[in-house]
Amino acid sequence: MALVFYARVSSKDQNLARQLTRAKEIKADKVFTDKYSGKNLDRPALKQMMEYLHEGDTLEVVSLDRLSRDYNDLKELVQSLRKMKVRLIVDDLPQAHTNNELVDRFMMDMMIQLMSFVAQNEREKIKERQAQGIKIAKQRGAYKGGTIKYGRNSKDPKNRLVWQTVIEMLYNRKENPTISGIARKVGISRQQVYRIKQRENL
């Protein structure tokens with residue numbers, strides 16, 4: 001029975017150190033890391049991990065959104081782990097210990113469903129704010145569509161990834177509290193971060 005740890009950040013410029021520190025603390029037998037968005041399950045290390053896991057293993061993550069930010073994907077992933085009889089530990093979720101396996105599982109399911117909904121809702125709010133920002137920009141004639149360097153419709157995939165990462169980091173300011181810190185992590189200027197923030201109405 002192995003203790004497996006999964007860590008994820010959204011881009012190559014972001015740092016896995018905090019999550020990997022936790023993996024060392026628990027003395028994980030195997031660690032899988034991805035630097036990809038959590039919007040879907042199409043991630044190389046995640047796929048390798050699911051192939052590696054066996055019955056009786058334990059999978060630990062620091063938070064549920066490290067596995068996915070999509071409600072349906074999270075449900076699918078949790079169901080797959082259950083079928084494989086792999087225990088899931090989420091550090092920022094309380095662990096139920098009632099000595100009744102059915103009650104513990106029921107309580108964990110409720111918490112996972114709630115947190116999955118929250119993660120999905122955050123993504124929807126980001127999309128809604130982006131749409132509002134574009135609408136406002138269009139009304140004042142400031143929206144240039146495809147001419148934006150870092151945006152949803154940027155021609156360069158790297159620039160689209162930078163935009164997506166900045167959006168996520170702006171929304172989750174607890175991990176990334178300053179504009180300067182975000183700019184350093186993604187490798188762009190503070191002015192660019194401010195432009196994205198203003199354009200997306202965040």
Side-chain angles (χ1 to χ4, degrees), residues 1-70 73-99 101 104-105 107-109 111-116 118-120 122-123 161-162 164-187:
M1 295 185 290
L3 174 55
V4 178
F5 191 90
Y6 179 73
R8 181 189 67 80
V9 290
S10 296
S11 75
K12 293 181 179 179
D13 296 318
Q14 288 182 279
N15 199 327
L16 286 161
R18 182 177 66 89
Q19 296 177 66
L20 295 180
T21 297
R22 176 59 180 165
K24 289 181 180 179
E25 288 174 354
I26 64 171
K27 298 180 180 179
D29 300 303
K30 185 74 174 178
V31 178
F32 293 89
T33 63
D34 269 318
K35 290 195 172 186
Y36 284 87
S37 168
K39 66 181 180 180
N40 58 48
L41 300 179
D42 188 19
R43 285 168 263 148
L46 180 66
K47 292 177 181 178
Q48 292 170 14
M49 180 188 73
M50 295 303 289
E51 292 176 0
Y52 176 88
L53 287 167
H54 292 87
E55 181 178 339
D57 289 346
T58 297
L59 169 62
E60 183 165 344
V61 291
V62 296
S63 60
L64 205 57
D65 63 2
R66 296 307 87 196
L67 287 175
S68 178
R69 287 185 176 274
D70 182 88
D73 284 346
L74 273 170
K75 283 176 59 179
E76 178 186 333
L77 204 52
V78 171
Q79 288 172 359
S80 296
L81 293 170
R82 178 156 295 151
K83 287 179 182 178
M84 297 164 63
K85 296 184 179 179
V86 171
R87 183 188 178 204
L88 174 62
I89 296 177
V90 182
D91 290 344
D92 63 359
L93 289 182
Q95 298 296 309
H97 297 291
T98 65
N99 295 322
E101 184 179 349
D104 288 351
R105 182 184 298 178
M107 292 177 66
M108 188 65 172
D109 282 349
M111 287 186 287
I112 287 175
Q113 287 188 33
L114 175 61
M115 296 306 295
S116 300
V118 170
Q120 175 74 28
E122 285 180 355
R123 290 192 69 238
L161 182 59
V162 167
Q164 181 181 330
T165 303
V166 170
I167 293 296
E168 291 184 1
M169 294 170 82
L170 283 169
Y171 193 82
N172 186 10
R173 297 297 288 276
K174 289 183 180 178
E175 292 185 5
N176 310 282
T178 67
I179 296 296
S180 297
I182 294 173
R184 283 195 301 271
K185 286 187 177 182
V186 299

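Given the structure is predicted, the values throughout are model-derived calculations rather than measurements. Computation of the quantities below employed the complete heavy-atom set of this structure, encompassing side-chain atoms and omitting hydrogens, waters and symmetry-equivalent molecules.
- Counting heavy atoms from C-beta outward, Gln19 and Arg66 have side chains that approach closer than 4.5 Å.
- Annotation: cation-pi geometry not satisfied between Lys30 and Phe5 (NZ/CZ under 6.0 angstrom from ring centroid, within 45° of ring axis).
- For the pair Leu67/Leu74, a side-chain contact is recorded, criterion being any heavy-atom separation below 4.5 Å from C-beta on.
- Contact annotation: the side chain of Ile89 approaches that of Thr58 to within less than 4.5 Å [non-hydrogen atoms, C-beta and beyond].
- A 4.5 Å side-chain heavy-atom check between Leu41 and Ser68 finds at least one atom pair inside the cut-off.
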### Query
Run the side-chain hydrogen bond (donor to acceptor under 3.5 Å, both in side chains) check on Gln164 and Ser37 step by step: do they pass?
CA-CA 8 Å; Gln164 181 181 330; Ser37 168; 2.5 Å; yes
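- Salt bridge status for Arg87 with Asp57: absent, with no side-chain N to carboxylate O gap under 4.0 Å.
- Between His54 and Met1 there is no side-chain heavy-atom pair separated by less than 4.5 Å.
- Considering all non-hydrogen atoms of both residues, Tyr6 and Val61 come closest at O-CG1, 3.5 Å.
- The shortest side-chain heavy-atom distance between Ser11 and Lys35 does not fall under the 4.5 Å cut-off.
- Rounded to the nearest 0.5 Å, atoms CE (Met84) and OG (Ser80) are 7.5 Å apart.
- Minimum heavy-atom separation, Asp65 to Arg8: O-NH2, 2.7 Å.
- Here the side chains of Glu55 and Val86 are not in contact, with every heavy-atom distance at 4.5 Å or above.
- Smallest separation of non-hydrogen atoms from Leu59 and Leu81: CD2-CD1, 3.8 Å.
- Within the model, atoms CG of Leu53 and NZ of Lys85 stand 15.0 Å from one another, a figure rounded to the nearest 0.5 Å.
- Contact check for Lys24 versus Val31: no side-chain heavy atoms found under the 4.5 Å cut-off.
- Closest non-hydrogen pair, Asp34 versus Leu46, comes out as OD2-N, 3.0 Å.
- The minimum heavy-atom distance linking Val78 with Leu88 is given by the pair CG2-CD2, 4.2 Å.
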### Query
side chain to side chain contact (heavy atoms under 4.5 Å, CB included) between Thr165 and Glu168: does it pass, once the steps are laid out?
CA-CA 5 Å; Thr165 303; Glu168 291 184 1; 5.9 Å; no
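- Contact record, Asn15 with Val9: O-CG1, 3.5 Å, taken as the closest heavy-atom pair.
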### Task
Show the numbers, then the answer: is there a side chain to side chain contact (heavy atoms under 4.5 Å, CB included) between Glu60 and Val4?
CA-CA 6 Å; Glu60 183 165 344; Val4 178; over 6 Å; no
